[in-house]
Structures are given as structure tokens and as C-alpha cells.
Amino acid sequence: MAPATHDALPVLDRSGDTPLHAQVAALLRGFIRTNKLAAGAVLPSEAALCVRFGVARSVVRQALAALATEGLIQRESGRPATVAAPQEHRRLVQRSTGLYEQFAQSGVALQTRVLAFARAEPPADVAAFFGTTQLLMLERLRHVADAPLAYVRTWLPADAVPGLRADDLADASLHGVLTRRFGLRPGAGRNQIRAVAADAKLAKLLHTQTGTPLLMLQGQGMDQHDRPLEWFTTWHRAEQLVFDVDVSMGHESVHPRLQDAPAERAEPAESAHSASVANLADPAEAADVAFRPVPRPPQDATSPHDPLARAQALVAELSAELARLRGQA
């Protein structure tokens with residue numbers, strides 16, 4: 001593959017405090033991501049980069065070593081560096097543990113930048129979940145190796161976290177802070193997964209293009225006393241994250257959701273298609289993929305595999321759901 005052109009790379013700032021190798025690394029990192037270079041794309045040689053930036057070879061090598069450590073490029077002795085295949089991160093969506101804890105357990109350092117943390121007027125469904133409008137809105141941007149991975153918006157009950165500050169949550173686990181400072185531990189809850197398109201705000205925050213597909217995870221969680229603890233919505237870069245679901249035979253059930261809402265884009269309230277994972281009594285084990293629990297009619301114990309009995313049970317479920325929907329009409 002021919003080396004990627006680098007004519008658009010800006011010049012270095014030689015009057016500032018940022019080391020030249022860090023500037024070269026940042027410029028190459030941005031160049032790779034902005035131009036969406038495919039895995040295997042060849043970067044200019046070390047000699048060419050030295051000429052382009054007007055720096056010594058040791059500076060270029062430090063910059064390339066940093067990008068290799070991040071997993072952004074691959075280096076082989078005697079050959080120009082190439083763009084590495086994107087690294088996939090994984091998240092178990094039926095767990096009540098947050099992204100920070102899950103990444104820490106797998107040895108991945110997740111960086112967190114707090115964008116905003118203040119009292120705000122919540123949407124109606126959020127206020128209804130908490131039973132109050134006295135809420136705090138927390139906005140965070142999560143990074144891996146300086147690359148944006150997810151934007152998170154979380155609502156918290158103000159009276160449950162007195163004295164909590166934005167500085168407490170920088171590069172930290174929200175659940176960890178809630179547990180250590182306030183004795184609040186995440187318990188049962190319900191998570192929903194949706195495919196959405198990035199609007200202008202999300203595209204800017206996640207360094208992608210408007211309309212790019214994102215994976216959105218929305219959840220409502222209770223604390224250990226079954227009191228509302230958090231309502232969160234996380235938009236993930238879809239090419240960098242895989243959602244894993246552990247399936248348990250004892251808790252699995254799937255139900256359709258019927259609605260006439262318009263197609264989902266950036267905000268969760270506009271969704272048309274989604275999948276939901278419910279955390280039951282044991283949030284670390286349960287995997288109930290459902291939208292709305294519908295009582296399952298008792299099955300004839302003498303004929304657990306009878307096709308007729310199964311069909312009758314499904315008809316009963318659908319009838320109950322249709323009756324509920326008609327009642328809301």
C-alpha cells in the first residue's frame with residue numbers, strides 16, 4: 001500500500017512548553033483518525049517525517065513509540081509504520097458495574113473528563129423515575145489512550161450525594177465514589193441498547209462525523225435499598241466497543257415492543273428499535289432481554305415440550321400485551 005500523504009499536517013509550535021515528540025505524536029494521531037486511514041495504511045518513513053517536521057530522528061521515534069504503545073500503529077524494524085487494526089473493547093451490559101470498573105478488571109486504563117456537573121431540570125421520564133425534580137446532571141467524556149470512546153450523561157438525586165463535586169469524578173469511577181463516600185451501592189436495574197446516529201454535538205465530542213452510527217446504552221439503576229440511584233445514557237463509538245450479554249437459561253425471556261415512534265437518532269426519547277437487558281435480583285448474573293415484563297402463563301407440567309402448549313402460551317402472552325396497548329390508546 002502506498003504511503004499516506006501528509007501534506008495537510010500542520011507545523012510544530014517550537015515556542016511552547018509541549019515537547020516536540022508529543023506534538024508530532026498528537027499530529028500523527030489526529031491525521032490518522034481524521035483521514036480514517038484503514039488498517040494496514042503505510043505512514044511516511046522516519047526520514048520523511050524528519051524532513052516534514054524539521055526534527056531529529058530521535059524525536060520521530062519517540063512519537064512513533066507512543067502511538068505504538070497506544071495500539072494505533074504497528075512498527076517493524078526496517079519498514080515504515082502502518083496503521084493498526086482498531087482495538088475492540090468489550091462491555092457486559094447486564095452487569096450493574098460501570099464501564100470504569102469493567103475496563104479496570106481487563107487492565108484497560110479509562111480516562112474520564114467531567115464536562116458538566118450541576119443541578120438541572122430533568123426530562124419528564126427521568127423525574128418520574130426518581131419521583132422528584134431535585135436532580136444533578138453529570139456529563140462525562142470517557143477516553144482510552146486519549147481517544148474518545150463514550151459520552152455519558154447521568155442523573156443523580158441531589159439529596160443523596162451532598163457535597164459531591166466534579167473534581168471528585170475526574171478519572172474516577174462514579175460507582176466507586178458513591179460507595180466510598182455515601183455508602184450507596186448499585187443494585188438491580190434495567191438497561192436498553194439502541195443504535196443511533198450521531199448528531200452534531202455527539203460527533204464533535206467523539207471525534208467522528210455527523211450521522212455516524214453509535215451504540216447507545218441507557219439504564220435506570222436502584223441502590224442496595226431499592227431506591228432510585230441513577231439514570232444514565234451512554235453513547236459509544238460503535239467501531240471500538242462490543243456489547244457482551246451473558247445468557248442464563250433460568251432468566252431468559254424475549255418480548256416484542258410495539259410502538260409508532262419515529263426512528264432513533266441521537267436522543268433516547270426518539271427511539272424506534274432497541275433491545276433491553278434487565279438486571280434482576282442478581283444483577284451480575286441475570287440476562288433478561290425484554291422491554292416490558294409480561295406474565296408468562298403457567299405451562300402444563302406434564303407436557304413441557306408440547307408444541308400446542310407452547311403455542312397457547314405465546315397466544316396468551318400476545319393477547320395480554322395487545323389488551324394492555326388497547327387500554328393505553
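The analysis underlying the following values was restricted to heavy atoms, covering all of them including side chains, and did not include hydrogens, waters or symmetry mates. This is a predicted model, so every value here is computed, not measured.
- Within a 6.0 Å sphere centred on CZ of R79, other residues, nucleotides and ligands contribute 12 heavy atoms or fewer.
- A donor and an acceptor atom, one from each side chain of Q111 and R113, are nowhere located under 3.5 Å apart.
- With contacts defined as side-chain heavy-atom distances shorter than 4.5 Å, the pair P44/L49 qualifies.
- To the nearest 0.5 Å, atom OG1 of residue T234 and atom CZ of residue R140 are 7.5 Å apart.
- Under the 30°/60° scheme for interplanar angles, the aromatic rings of Y151 and W235 are found to lie parallel.
- To the nearest 0.5 Å, atom OG1 of residue T18 and atom CZ of residue R14 are 13.0 Å apart.
- Here the CZ atom belonging to F53 is positioned 10.5 Å from the CG atom belonging to L20, to the nearest 0.5 angstrom.
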Going through the distances and angles, do R194 and Q192 end up as a side chain to side chain donor-acceptor pair (under 3.5 Å)?
CA-CA 7 Å; R194 299 173 182 174; Q192 294 181 342; 2.6 Å; yes
Kindly indicate, with the supporting measurements, whether the criterion side chain to side chain contact (heavy atoms under 4.5 Å, CB included) is fulfilled by L141 and V114.
CA-CA 7 Å; L141 195 60; V114 177; over 6 Å; no
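- Between the Q23 side chain and the D13 main chain, a donor and an acceptor come within less than 3.5 Å of each other.
- Looking at residues two or more places apart in sequence or on another chain, you find a salt bridge (charged side-chain N to carboxylate O under 4.0 Å, His left out) between R181 and D168.
- A distance-only check finds a donor-acceptor pair linking the side chain of R237 to the backbone of L206 [under 3.5 Å].
- Atom-to-atom distance recorded for E230:CD and Q220:CD is 9.5 Å, nearest 0.5 angstrom.
- Between the side chain of Q218 and the backbone N or O of W231 there is no donor-acceptor pair closer than 3.5 Å.
- Looking at T133, its side chain never comes within 3.5 Å of a backbone N or O of A127 through a donor-acceptor pair.
- When side chains are defined from C-beta on, R142 counts as touching V152, because their heavy atoms get closer than 4.5 Å.
- Side-chain heavy atoms closer than 4.5 Å link hydrophobic residues (I, L, V, M, F, W, Y) into clusters, and following such links, even through other members, never connects V51 to L64.
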Kindly determine whether L178 and V161 satisfy side chain to side chain contact (heavy atoms under 4.5 Å, CB included), including the steps that lead there.
CA-CA 8 Å; L178 294 177; V161 291; 3.5 Å; yes
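- Here the side chains of L12 and V55 are in contact, with some heavy-atom distance below 4.5 Å.
- By the 4.5 Å heavy-atom criterion applied to side chains, R119 and Q134 are counted as neighbours.
- E46 has a carboxylate O that lies under 4.0 Å from a charged side-chain N of R75, or vice versa, which qualifies the two as a salt bridge.
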Determine, step by step, whether M216 and H236 satisfy the side chain to side chain contact (heavy atoms under 4.5 Å, CB included) criterion, reporting the C-alpha distance in whole Å, the side-chain angles of both residues, the deciding distance to 0.1 Å, and the verdict.
CA-CA 6 Å; M216 189 184 78; H236 308 77; over 6 Å; no
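- The two residues C50 and V60 make their nearest non-hydrogen contact at SG-CG2, 3.7 Å.
- In this structure, F117 and A166 approach most closely via the heavy-atom pair CD2-N, 3.7 Å.
- Proximity of a side-chain donor or acceptor of T212 to a complementary backbone N or O of T208 within less than 3.5 Å is not detected.
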So L138 and L174, side chain to side chain contact (heavy atoms under 4.5 Å, CB included) or not? Walk me through it.
CA-CA 10 Å; L138 170 65; L174 172 61; 4.3 Å; yes
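- Here the closest non-hydrogen pair linking A172 and V177 is CB-CG2, 4.4 Å.
- Two residues are said to be in side-chain contact when any heavy atoms from C-beta on lie closer than 4.5 Å; V24 and L27 fail this criterion.
- Counting non-hydrogen atoms of neighbouring residues, nucleotides and ligands closer than 6.0 angstrom, the CZ atom of R185 reaches no more than 12 such neighbours.
- Nearest heavy atom pair, residue P148 against residue L205, reads CB-O, 3.7 Å.
- Pairing each heavy atom of W155 with each of P123, the nearest pair is CZ2-CD, 3.6 Å.
- Taking CG from L135 and CG from L156, the interatomic distance works out to 8.5 Å, rounded to the nearest 0.5 Å.
- When all heavy atoms of F129 and G221 are compared, the pair lying nearest together is CZ-O, 3.7 Å.
- A distance-only check finds a donor-acceptor pair linking the side chain of D171 to the backbone of T112 [under 3.5 Å].
- Taken to the nearest 0.5 Å, the CD atom of E76 stands 7.0 Å off from the OG1 atom of T82.
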